[in-house]
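Take a look at the structure below.
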Protein chains: 2
Amino acid sequence: MSPDASPVSVNTPVTLREVAAAAGVSVATASKALNGQGRMTAETRERIRETARHLGFRPNSLAQSLLRKRSFTVGLLTNDTYGRFSLPLMAGVSDALVDKGVSVFLCNVEDDTRLGQLHVEAMLDKRVDGIIATGKRIDRHLPVDLSNLRIPVIYAFTQPDAGAVGLVSDDAGGARLAVEHFLRLGRRRIAHVSGPASFAVVHARAEAYRDVLKENGLAVSEPLLGAWSEAWGHEAVEKLFGSAGREGWPDAIFCGNDQIARGVIDALRERGIRVPDDVGVIGFDNWEIVAEATRPPLTSVDMNLSTLGREAGLALLSLVDGQPAAPGIRKLPCRLVVRQSCGSPPE
Amino acid sequence: MSPDASPVSVNTPVTLREVAAAAGVSVATASKALNGQGRMTAETRERIRETARHLGFRPNSLAQSLLRKRSFTVGLLTNDTYGRFSLPLMAGVSDALVDKGVSVFLCNVEDDTRLGQLHVEAMLDKRVDGIIATGKRIDRHLPVDLSNLRIPVIYAFTQPDAGAVGLVSDDAGGARLAVEHFLRLGRRRIAHVSGPASFAVVHARAEAYRDVLKENGLAVSEPLLGAWSEAWGHEAVEKLFGSAGREGWPDAIFCGNDQIARGVIDALRERGIRVPDDVGVIGFDNWEIVAEATRPPLTSVDMNLSTLGREAGLALLSLVDGQPAAPGIRKLPCRLVVRQSCGSPPE
DNA sequence: CGGCCCTGAGAAAACCTTTTCCCAATCCGC
DNA sequence: GCGGATTGGGAAAAGGTTTTCTCAGGGCCG
């Protein structure tokens, strides 16, 4: 009577037992038919498969996981509430894992040890195959101890525990990209405005900045360290362009993040200094929503977080599969996204 | 020999069988002891519990789920890649569920039907107890059909399917908060600059804006619709303050989001118009990173997404528990976060 | 024609926990 | 001291799948 004999969504999931019954075989045979295991006539196999398809059979992952001791599930732990860094990373992780049938539990632990403990225990109880730890800065630990977990852990964009596998962006390399881009464009008086000295990346980037300038025989002006904010960008422009005579002004500013760069660009405009004609500006993070709203749109260093996430996902998977991985920190290259805040190279 | 007899992290999880053996009882008794079921001497119960604690026993969720037909797992489906709306919502969901032992699979399906299908099937295979669908705008469906799923679905901040349960922010109410705030401060010539006409929220907010003004016998100027960008904010200021004589200028601007507001504030400053002295500005979304960076910091309508998420989580849970829920869309109130872009009320 | 091997398929254990019955022993009142 | 109720605890099934072992039958070689 039913108008269609196609797979209908019944009220309760169809089990292997039902498939087997419908196909007139045992569950063992049915299982083997669907998994390509065991020996049987091609005809039997196909008949079972057809039955399964028709019934809309989907194996119960819970039962499979229980038996195989693999849940095809991983946990992503973060303390990056706004997801500025975690979400691109998560996208990469998810992308790497989705077609292997692995799903991701996302847990934000804020900076709360108790919450972290709670989430980690929930994950362990759910028998996740592994955990990826990530955060909002690479020189701080998550507020939770993952060091004796009996499941693999990968640290991505957060400080790894000793002896663990960590993936981070190559901040020095990213800074290098920025400064060398300025050089190629003929800029020579390059300033660096960055975040608080308490961040390791601030020093990594500043050092690369110095290195590149020295390698090219150029004067190094001391990086200006402040906050990760627009306001600090304004202040820094004040410092850079306030006192010195025009000839002492920089013709390029490499900023520690996009918000600083935004502040810098706005402050320059307010002073009547043209970007990119008088001064080129490069940001860091390539936070599109900011970089595309600056006037002009901001050239910025992208940390390739999504790639980082994908690599982390793949690394975790190979760890889960029992392949040993060399502990230590692996740095992944950044890339420069060129927009309009640096001008064109001289003809 | 071992220096400590405290629970050590062994290589393989300890099972109930092991606890039972160690305590000299059957698994049945052990199970009942730990769950507070069955009858036994208080002493036996405590001994088993102590054994379990000492061994670091944690029940295998997979086995429990298989039996109880509840996985204590839900899926959060979104197409909001940057998580601007999804993440606060996720935080609320997670917060509502974590201490009930429920974990959340986060899946970003972009706008890709194939990807959506893939993720939904993965979730169903993993036997999630329910799904929360969310997105980046409330008048569009996710690119995936969740209407015949045999598990409960809650739509939060996305367009629900017919007959489903949906939770959204009360945009009209939020707009009302903003305009009434202006009125309380003595502002009378209130303009509205919003996003594209293709968004339902644009109309909802605009209508509330008109209503409040009419209710107060004030002139309604037609809302200016454009884009959700800073650039449009600039343009709108041009339109509002470009031609008319000074006496025709608004003394307040209610903006459709914080980025527009940011553009408006910047454009006003560039024209030498003071905020909040000459013109008050209110944004929408309360995107802190933007609202706090404007000069002055932006008063903005917060959609309480985290509350929305918590409500969605609780609603899903009660659905999972079999409590029927009234289908239809429930609107949750917004709140106004007052910063410095509107000034103080007249004494 | 007999023994051996191969083929196709099923029975059953295993994964880990919960829960329903069931049983033996103890206790109570009479 | 005896019948019945209660108490403390165990055996076993269930949940859905995978995998190993086993087995019956048929073909082939000698």
Side-chain angles (χ1 to χ4, degrees), chain A residues 10-49 51-52 55-73 101 122 124-129 150-151, chain B residues 10-49 51-52 55-73 101 124-129 150:
Chain A
V10 284
N11 211 4
T12 157
V14 29
T15 70
L16 186 60
R17 185 197 309 276
E18 294 168 314
V19 174
V25 296
S26 70
V27 287
T29 306
S31 171
K32 284 180 287 197
L34 297 175
N35 294 314
Q37 306 290 322
R39 285 177 316 202
M40 68 199 69
T41 53
E43 182 207 358
T44 306
R45 195 181 293 275
E46 192 43 49
R47 175 166 46 90
I48 295 173
R49 289 198 164 151
T51 311
L55 260 43
F57 169 73
R58 310 233 54 186
N60 185 332
S61 273
L62 261 29
Q64 292 182 317
S65 302
L66 186 58
L67 200 54
R68 295 183 179 160
K69 303 181 168 311
R70 278 282 304 272
S71 64
F72 291 90
T73 282
L124 292 177
D125 287 351
K126 301 238 161 65
R127 294 305 194 261
V128 294
D129 295 331
R150 80 169 154 55
I151 56 173
Chain B
V10 285
N11 212 3
T12 157
V14 30
T15 70
L16 185 60
R17 184 198 309 277
E18 294 168 310
V19 174
V25 296
S26 71
V27 288
T29 306
S31 172
K32 283 180 285 197
L34 297 175
N35 294 315
Q37 305 290 323
R39 286 177 316 201
M40 67 198 70
T41 53
E43 183 208 0
T44 306
R45 194 179 293 274
E46 191 43 48
R47 176 166 47 91
I48 296 172
R49 288 197 164 151
T51 310
L55 261 44
F57 169 74
R58 312 233 53 186
N60 185 333
S61 276
L62 261 32
Q64 291 181 319
S65 302
L66 186 57
L67 202 53
R68 295 185 180 158
K69 301 183 169 311
R70 278 280 305 272
S71 65
F72 292 89
T73 282
L124 292 177
D125 286 351
K126 301 242 160 65
R127 296 304 195 259
V128 295
D129 295 331
R150 80 169 155 53

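Throughout, a chain's letter reflects where its sequence line sits, starting with A, and its residues are numbered from 1.
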In whole Å, I'd like the distance from the [atom1] atom of [X] to the [atom2] atom of [N].
X: B:F72; N: C:dT17; atom1: CZ; atom2: P; value: 15 Å
X: A:R68; N: D:dT19; atom1: CZ; atom2: C1'; value: 11 Å
X: B:R70; N: C:dT17; atom1: CZ; atom2: P; value: 19 Å
X: A:I48; N: D:dT17; atom1: CD1; atom2: P; value: 14 Å
X: A:L62; N: D:dT18; atom1: CG; atom2: P; value: 13 Å
X: B:L67; N: D:dA12; atom1: CG; atom2: P; value: 18 Å
X: A:R45; N: C:dT7; atom1: CZ; atom2: C1'; value: 13 Å
X: A:D125; N: C:dT17; atom1: CG; atom2: P; value: 11 Å

Output the single nucleotide from [options] whose closest atom is nearest the side chain of [X].
X: B:L66; options: D:dG16, C:dT18, D:dT18; answer: D:dG16
X: B:V25; options: D:dG9, D:dT17, D:dG10; answer: D:dG10
X: B:T15; options: C:dT17, C:dT20, C:dG8; answer: C:dT17
X: B:K32; options: C:dT18, C:dT19, C:dC15; answer: C:dT19
X: B:L16; options: C:dA12, C:dC15, C:dT18; answer: C:dT18
X: B:Q64; options: C:dG10, C:dT17, D:dG16; answer: C:dT17
X: B:N35; options: D:dG16, C:dT18, D:dG9; answer: C:dT18
X: B:R39; options: D:dT17, C:dT17, D:dT7; answer: D:dT7
X: B:S26; options: D:dG10, C:dG8, C:dA11; answer: D:dG10
X: A:A28; options: C:dT18, C:dA12, C:dT7; answer: C:dA12

| said: Less than 4.5 Å apart, side chain to side chain, heavy atoms only: is that true for B:R47 and B:V25? | reply: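 In short, these two side chains touch, coming nearer than 4.5 Å.
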Taking 4.0 Å as the cut-off, does a side-chain nitrogen or oxygen of [X] come that near to OP1 or OP2 on [N]?
X: B:R17; N: C:dC16; value: no
X: B:S31; N: C:dT17; value: no
X: A:N60; N: D:dG15; value: no

Scan [X] against the nucleic acid and name what it touches under 4.0 Å (heavy atoms): base, sugar-phosphate only, or nothing.
X: B:T41; result: sugar-phosphate
X: B:K69; result: sugar-phosphate
X: B:T44; result: sugar-phosphate

Does the [X] side chain pair with the main chain of [Y], one donor and one acceptor, at a distance under 3.5 Å?
X: B:T73; Y: B:S71; result: yes
X: A:T44; Y: A:M40; result: no
X: A:K126; Y: B:F72; result: yes
X: B:E18; Y: B:T15; result: yes
X: A:N60; Y: A:L62; result: yes
X: A:R45; Y: A:R39; result: no
X: A:R127; Y: B:S61; result: no

| said: Counting only heavy atoms from other residues, nucleotides and ligands, does the tally under 6.0 Å from CZ of B:R70 exceed 12? | reply: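 It does: B:R70 CZ has more than 12 such atoms within range.
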| said: Based on the rotation axes of five pairs at each end, what angle does the helix from C:dC1-D:dG30 to C:dC30-D:dG1 bend through, to 10°? | reply: 60°
| field | First of B:R127 and B:M40 reached from the 5' end of DNA chain D, by closest nucleotide | value |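 Nearest-nucleotide comparison on DNA chain D picks B:M40.
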